[in-house]
Structures are given as structure tokens and as C-alpha cells.
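This report refers to the structure that appears directly beneath it.
Keep in mind that what you see is a predicted model, and the values were worked out from it rather than measured. Letters go in sequence order (proteins before strands), and every chain restarts at 1.
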Amino acid sequence: MPELPEVETIKNDLSQKVLNKKISKIVIKKPKLVKSSYTNFKKDLLGASFFEIDRIGKLLIFSFRKGKKEKYLLVHLKMTGQFIFVGHNSLVAGGHANSKEESKRYRMGGLEKGLPNKFSHIIFYFGEKEILYFNDMRQFGYMKIVTKDELDIIKNKYGIEPLQKNFTWKNFQKIFQNKKTNIKAFLLKQDVISGLGNIYVDEILFASGVLPTRTVAALSEGELRKVFENTKSIIKKAIKYRGTTFSDYVDSSGKRGNFSDFLKVYGKQKTLCPKCARTEILKIKVAGRGTHFCPYCQN
DNA sequence: AAGATTGTTGCTTA
DNA sequence: TTAAGCAACAATCT
């Protein structure tokens with residue numbers, strides 16, 4: 001599941017690869033993934049080039065010019081979306097990556113061969129031989145082109161960003177005052193804090209020693225402070241290690257994220273807690289999501 | 001073979 | 001009016 005660190009990694013990598021290169025061809029195999037006008041999609045993008053790639057929360061923003069106006073290609077990867085950039089023809093194996101075994105290997109991050117595969121739904125060509133594949137097994141992801149005004153409206157719906165200046169203890173405290181929902185559900189809300197998903201929320205709460213079921217308003221100042229600090233540090237560290245691969249995520253070169261090696265609770269149910277070494281990590285459902293925690297270390 | 005998987009939206013309920 | 005809760009969505013794996 002691409003969350004903030006994974007999307008940030010993709011943003012940084014793609015910025016090195018596709019900026020200011022002319023889009024020479026676009027192949028759309030699954031039109032329903034284009035959520036804006038389908039007829040305008042190619043019309044707007046063909047011949048254009050992206051001059052900047054940005055990110056808010058888990059949403060990628062590709063800026064380009066259409067005539068004198070700036071427009072924006074928004075891409076959300078949702079759960080299984082991937083961007084794979086291929087600079088040479090070497091990886092393109094003529095469209096046969098469709099065996100069960102091969103697609104599994106592919107999703108697990110072992111990009112050995114086979115592009116496009118049956119999950120390559122939208123394909124951008126840059127110049128003669130550079131190709132950007134948008135793959136999405138579950139077809140939850142989407143692309144859409146918006147104007148500046150539309151972009152501003154969308155941006156305004158996002159909460160504070162863990163990496164930005166306004167992510168301060170003061171602001172954090174203010175936002176978390178008197179909220180009656182549990183801390184897990186609250187941290188997942190994109191209009192509160194943008195970019196956190198199921199993996200990082202579980203990791204942040206474990207690091208903070210706070211049970212995911214705790215009501216926000218009932219947290220002590222010290223506990224809340226830990227949640228704040230750990231949100232910053234864990235997100236930063238995850239970006240440093242190029243994100244987490246749990247099932248489907250790979251970066252734009254098809255490589256896995258290395259933060260997987262640092263996961264302490266996510267996916268670790270039935271194993272011993274790495275901190276107290278005496279209690280099994282439990283997995284329950286909170287906020288409708290699989291939730292991992294140590295009942296001894298988290299209170 | 002039914003249930004779990006998750007990010008987001010939009011509807012319902014309090 | 002606002003906040004919280006939850007079903008729905010899609011496709012695949014266990």
C-alpha cells in the first residue's frame with residue numbers, strides 16, 4: 001500500500017526520469033481509470049511535458065502546460081497502483097507477464113521481466129523509447145486532469161503534512177483536542193494528517209506505547225507528544241529507506257522498499273514483541289482495518 | 001469457498 | 001451543524 005513515504009519516493013525518482021521530456025504517445029487500456037474527460041486526456045497531454053512533480057498526502061501531482069495555462073495530472077495509486085519507468089527496451093518482453101507465478105513475483109517486487117503485463121492499464125511514452133507504465137492489479141487507482149482552481153480545492157481537503165513547517169506540536173495539539181474517536185481512526189483521516197495509512201499508523205502507535213483503541217481525548221499530553229514525535233521520525237526514516245514493501249509496492253525501477261526490515265508490528269501477529277520479548281503481537285480490527293499491537297507495551 | 005485485504009467516498013446515524 | 005461510523009467499491013489471495 002503506497003503511503004506517504006512510498007509516494008514521496010516515487011515522486012523523487014520520477015522527477016529525475018520524466019521531467020521536461022515530451023510525451024509522444026499514450027496508450028489507455030482501461031479507460032475507467034481516467035476520472036476526468038476521456039477525450040481531453042490525450043488531447044491535453046500529447047506533446048506536452050511535465051515540468052514539476054509534487055505530492056500531497058498520497059496523491060501525485062504532475063504539472064504541465066496546455067497552451068498558456070498550467071494543468072495538473074493527478075494520480076492516486078490507492079492500494080496496488082505502481083509506476084514503472086523503463087529507459088531502454090531491455091525490460092519490455094512483448095506483453096507476456098501473465099502467468100500466475102510471474103504476476104505474483106512481479107507484485108512482490110521482483111521485477112524480472114514482462115512489461116507491459118495484464119495490469120499495465122495506462123502507458124506513457126516519452127520521446128522514442130522511454131516508457132512509464134501505470135500498473136494496478138485492483139484498478140482502484142486513478143488519473144485525472146484538473147485546472148489550478150480544481151487542484152486548490154482538492155489540496156484544501158488535506159490535513160497537515162508530517163514533513164512540512166506547519167507540522168508543529170502546537171498545531172498537532174490543537175487538532176487533537178476533544179476528539180472522541182479512537183487514535184487509530186483519527187490518524188488515518190487524511191483531512192487531519194495527510195499521508196498516513198495502515199502500516200505507518202500501527203508502527204507509530206507501537207513506538208508511542210499507545211493502544212490503537214484509545215480515545216484521542218483521553219490521551220495524556222505525554223502520550224500525544226510521543227505520537228507527534230514518532231509520526232515525524234518514522235515517516236522520515238521510511239523515506240530514507242525508500243518506503244515499505246509489504247505486498248505490492250515497488251518503486252519506479254521495480255525495486256522493493258527497505259523500510260520493511262524495520263517494521264515492528266505490522267504483519268507481525270503471532271510473533272514475539274521485539275521490545276518486551278515476552279508477549280505475542282496481536283491482530284484485531286480497529287476502524288475497519290487490520291490492526292497490530294503489543295498488549296504489554298501499548299497502554 | 002467464503003472472508004480478508006485497504007484508501008477513499010459518500011451515506012447514515014448520533 | 002458537525003462528527004463519527006460504516007458500507008461500498010475492485011480484484012485477488014488464503
Which residues in residues 168-181 of chain A have at least one heavy atom lying under 4.0 Å from any atom of DNA chain C? Lys179(A), Lys180(A), Thr181(A)
Under 4.0 Å between any heavy atoms, over every strand shown, what does Lys157(A) touch: base, sugar-phosphate, or nothing? Just pick one. nothing
May I ask you to say what Lys30(A) touches in the nucleic acid, namely base, sugar-phosphate or nothing, with a heavy-atom cut-off under 4.0 Å? nothing
Could you please spell out the steps behind the side chain to side chain contact (heavy atoms under 4.5 Å, CB included) verdict for Ile84(A) and Ile131(A)? CA-CA 8 Å; Ile84(A) 306 288; Ile131(A) 308 177; over 6 Å; no
Please state whether the phosphate of dT8(B), meaning OP1 or OP2, lies under 4.0 angstrom from any side-chain nitrogen or oxygen of Lys58(A). yes
Which ring-ring contact (aromatic ring centres under 6.0 Å, His included) pairs, counting each pair once, include a residue from residues 7-32 of chain A, with sequence neighbours left out? none
Compare side-chain N and O positions of Gln190(A) against OP1 and OP2 of dT8(B) and report whether any pair is under 4.0 Å apart. yes
Residue pairs passing the salt bridge (charged side-chain N to carboxylate O under 4.0 Å, His left out) test with at least one member in residues 175-200 of chain A, sequence neighbours excluded, are Lys184(A)-Asp202(A)
What contact category does Tyr266(A) fall into here, base, sugar-phosphate, or nothing, at under 4.0 angstrom with non-hydrogen atoms? sugar-phosphate
May I ask you to verify if any side-chain N or O of Gln139(A) is less than 4.0 angstrom from the OP1 or OP2 atom of dA10(C)? no
Lys226(A): which residues meet the side chain to side chain contact (heavy atoms under 4.5 Å, CB included) condition with it, sequence neighbours left out? Ser208(A), Asn230(A)
Report which part of the nucleic acid Lys189(A) touches: base, sugar-phosphate, or nothing (heavy-atom distance under 4.0 Å, all strands). nothing
Tell me whether the side-chain N/O atoms of His76(A) come closer than 4.0 Å to OP1 or OP2 in dT8(B). yes
Using 30° and 60° as the class limits, which term best fits the ring planes of Phe176(A) and Phe172(A): parallel, tilted or perpendicular? parallel
Every protein N/O within reach of nucleotides 12-14 of chain B N/O, cut-off under 3.5 Å:
none

Enumerate the side chain to side chain donor-acceptor pair (under 3.5 Å) contacts for residues 158-167 of chain A, please, sequence neighbours excluded, ordered by first and then second residue. Arg55(A)-Glu161(A), Glu161(A)-Ser194(A)
In terms of relative ring orientation, are Tyr241(A) and Phe259(A) parallel, tilted or perpendicular, with 30° and 60° separating the classes? tilted
